[in-house]
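Basis for what follows: all heavy atoms, side chains included, without hydrogens, waters or symmetry-related copies. A, B, ... follow the sequence lines: proteins, then strands. Residue 1 opens every chain.
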Amino acid sequence: MSYTIISNDSQSAARAGILSTDHGQIETPVFMPVGTAGTVKAVYHRDLESDIKARIILGNTYHLYLRPGLEILKGAGGIHKFSSWNKPVLTDSGGYQVYSLSDTRKLREDGVVFRSHIDGSKHVFTPESVMDIQRIIGGDIMMAFDECTPFPCDYNYAEKSLKLTHRWLDRCIKHFDAQDPLYGYHQKLFPIVQGSVYRDLRTQSAETIAEYNREGNAIGGLSVGEPTEVMYEMTELVCGILPQDKPRYLMGVGTPANILEGIALGVDMFDCVMPTRNARNGMLFTQNGILNMRNEKWKDDFGPIDEAGTSFVDHQYSKAYLRHLFISKEILGAMIASEHNLAFYLWLVDEARKHIIEGDYLQWKNNMVKQVSQRL
RNA sequence: GGGGAGGUACCAGAGCGGUCAAAUGGGACAGACUGUAAAUCUGUUGGCUUCGCCUUCGGAGGUUCGAAUCCUCCUCUCCCCA
């Protein structure tokens with residue numbers, strides 16, 4: 001895997017690049033649709049590839065480990081073959097589940113004891129076992145096992161958690177480097193910066209992670225409820241420390257505006273459930289703003305879903321029809337909205353890339369942030 | 001013609017003398033959602049000058065300090081028998 005920067009923006013930290021993997025090249029900045037359980041919910045792989053133009057998708061260690069389980073994944077020959085997705089995959093480590101499933105897990109030095117949310121059974125995740133599991137899942141990019149700290153989070157806990165995450169990182173790297181991939185293509189490991197909302201902890205973490213000099217680096221523990229300005233502040237701080245020549249991945253972010261701001265701060269990769277989850281709940285993101293498709297005002301709007309949209313769904317279906325589908329709780333509504341939102345997100349990062357290369361990113365971004373944040 | 005059951009908020013449907021502007025569903029409307037335990041969750045849903053007041057439980061009277069709840073008549077619906 002290699003990362004090549006094509007263009008650096010002169011007015012911001014934004015850059016355009018190409019990340020190469022054995023399953024293909026990823027032009028950055030990029031948005032990675034989330035496919036937790038081996039599926040980007042409600043979207044065909046066919047559409048993900050040709051209509052949405054997804055360049056890489058996510059899978060989740062915790063969820064795939066519980067279902068279908070390692071035997072099946074191994075038997076299938078990894079997640080690409082199992083799900084018939086031949087482009088790159090990034091697997092999250094389960095560190096987010098340490099946060100989101102905090103009611104059903106116990107944190108220890110060695111690792112985390114989880115209670116399965118499916119059947120209550122007990123499972124232990126250690127940095128080593130999480131590396132092994134991600135080898136079996138077979139993602140092109142694997143993530144270090146960390147604790148995503150909650151917000152708010154007091155300083156003492158944030159510091160303690162950060163140190164644990166760093167010790168785990170060291171174990172992840174040692175174990176990862178001692179193992180070969182199982183399916184004949186390369187896998188890379190990205191470490192994750194933590195440190196909550198504290199500048200000194202973030203600095204310390206970013207410096208620690210920079211020293212490992214891995215193929216890419218991630219920023220975690222943000223977009224968990226902290227003020228947006230704090231998220232930007234931490235991102236800027238960390239991007240200033242992480243290696244310039246390696247891709248930076250801001251985990252779990254975010255809204256279209258968050259992504260555009262993140263790019264300006266030097267982030268190359270994003271993922272978020274928002275375009276898919278919110279789509280299933282009736283929310284559409286467009287370059288002109290946000291729509292709640294359940295709202296009564298769309299009931300007789302027979303115009304296209306999004307005149308400026310790049311997906312076929314934008315022109316094939318009307319707002320009135322899509323509203324009807326949501327009001328009627330028809331599955332097709334979730335499918336159309338998910339496809340639209342993802343196509344929009346991919347369009348957005350693609351436009352960002354063009355403007356970085358053309359040299360007017362900042363100006364374009366400032367205008368676009370205003371547009372996409374409007375409520376329609 | 002005879003016998004029986006019943007008419008409650010947008011719909012269905014509890015309530016059967018005061019704690020009822022009226023349970024619960026559904027529908028409608030609005031909001032939330034950021035490395036997915038989410039096709040989920042939350043709020044509102046008679047009116048108003050909204051810590052209170054006014055008008056509501058088929059219609060009209062009546063009993064009572066007090067009625068959606070009891071009585072009388074009217075009216076409408078459904079079921080059974082002829």
Partner lookup for B/U56, please. Criteria are Watson-Crick or G-U wobble with both distances under 3.5 angstrom; report none if nothing qualifies.
none
Can you tell me if A/Gln97 touches the phosphate of B/G35, counting only side-chain N or O atoms and a distance under 4.0 Å to OP1 or OP2?
no
Nearest-Å distance once atom C1' is located in both B/G18 and B/G25:
28 Å
Under the side chain to side chain donor-acceptor pair (under 3.5 Å) test, residues paired with A/Tyr44 that sit two or more places apart
none
Pick the nucleotide of RNA chain B nearest each of A/Ser223 and A/Leu101; which residue has the one closer to the 5' end?
A/Ser223
Scanning all shown strands, the Watson-Crick or wobble mate of B/C51 with both distances under 3.5 Å is none
So which protein nitrogen or oxygen atoms get under 3.5 Å of nucleotides 27-29 of chain B's nitrogens or oxygens?
unit_1: B/C29; atom_1: OP1; unit_2: A/Arg323; atom_2: NH2; d: 2.4
unit_1: B/C29; atom_1: OP2; unit_2: A/Arg323; atom_2: NH2; d: 3.4

Considering only heavy atoms, which members of residues 122-139 of chain A lie under 4.0 Å from some atom of RNA chain B?
none
Salt bridge between A/Lys246 and A/Glu215, side-chain N to carboxylate O under 4.0 Å?
no
Distance between the C1' atoms of B/A39 and B/G58, in whole angstroms?
42 Å
Side chain of A/Ser100 - closest among B/A37, B/U34, B/C33
B/A37
Base partner of B/G1, which must satisfy Watson-Crick or wobble distances under 3.5 Å:
B/C81
Salt-bridge criterion met for A/Asp301 and A/Lys297 (N-O under 4.0 Å):
no
Paired to B/G61 by Watson-Crick or G-U wobble criteria (both distances under 3.5 Å) is B/C71
Quiz item: A/Asp146 side-chain donor-acceptor pair to B/G35 base, under 3.5 Å
yes
Would one find a side-chain N or O of A/Arg375 under 4.0 angstrom from OP1 or OP2 of B/A32?
yes
Does the base of B/U36 carry an N or O that pairs as donor and acceptor with the side chain of A/Thr276 under 3.5 Å?
yes
Name the pairing partner of B/G6, where a pair is Watson-Crick or G-U wobble with both distances under 3.5 Å, or state none.
B/C76
Counting side-chain heavy atoms from CB outward, which of B/G35, B/C33, B/U36 is closest to A/His63?
B/U36
B/A39: pairing nucleotide in any strand, Watson-Crick or G-U under 3.5 angstrom:
none
Steps toward side chain to side chain contact (heavy atoms under 4.5 Å, CB included) verdict (A/Thr203, A/Leu237):
CA-CA 7 Å; A/Thr203 300; A/Leu237 175 70; 3.7 Å; yes
Using the P atom in both, what is the distance from B/C51 to B/U42, to the nearest Å?
28 Å
Determine whether the aromatic ring centres of residues A/Tyr99 and A/Tyr96 are separated by less than 6.0 angstrom.
yes
In the strands shown, is B/G27 matched to any nucleotide by a Watson-Crick or G-U wobble pair with both distances under 3.5 Å, and which?
B/U45
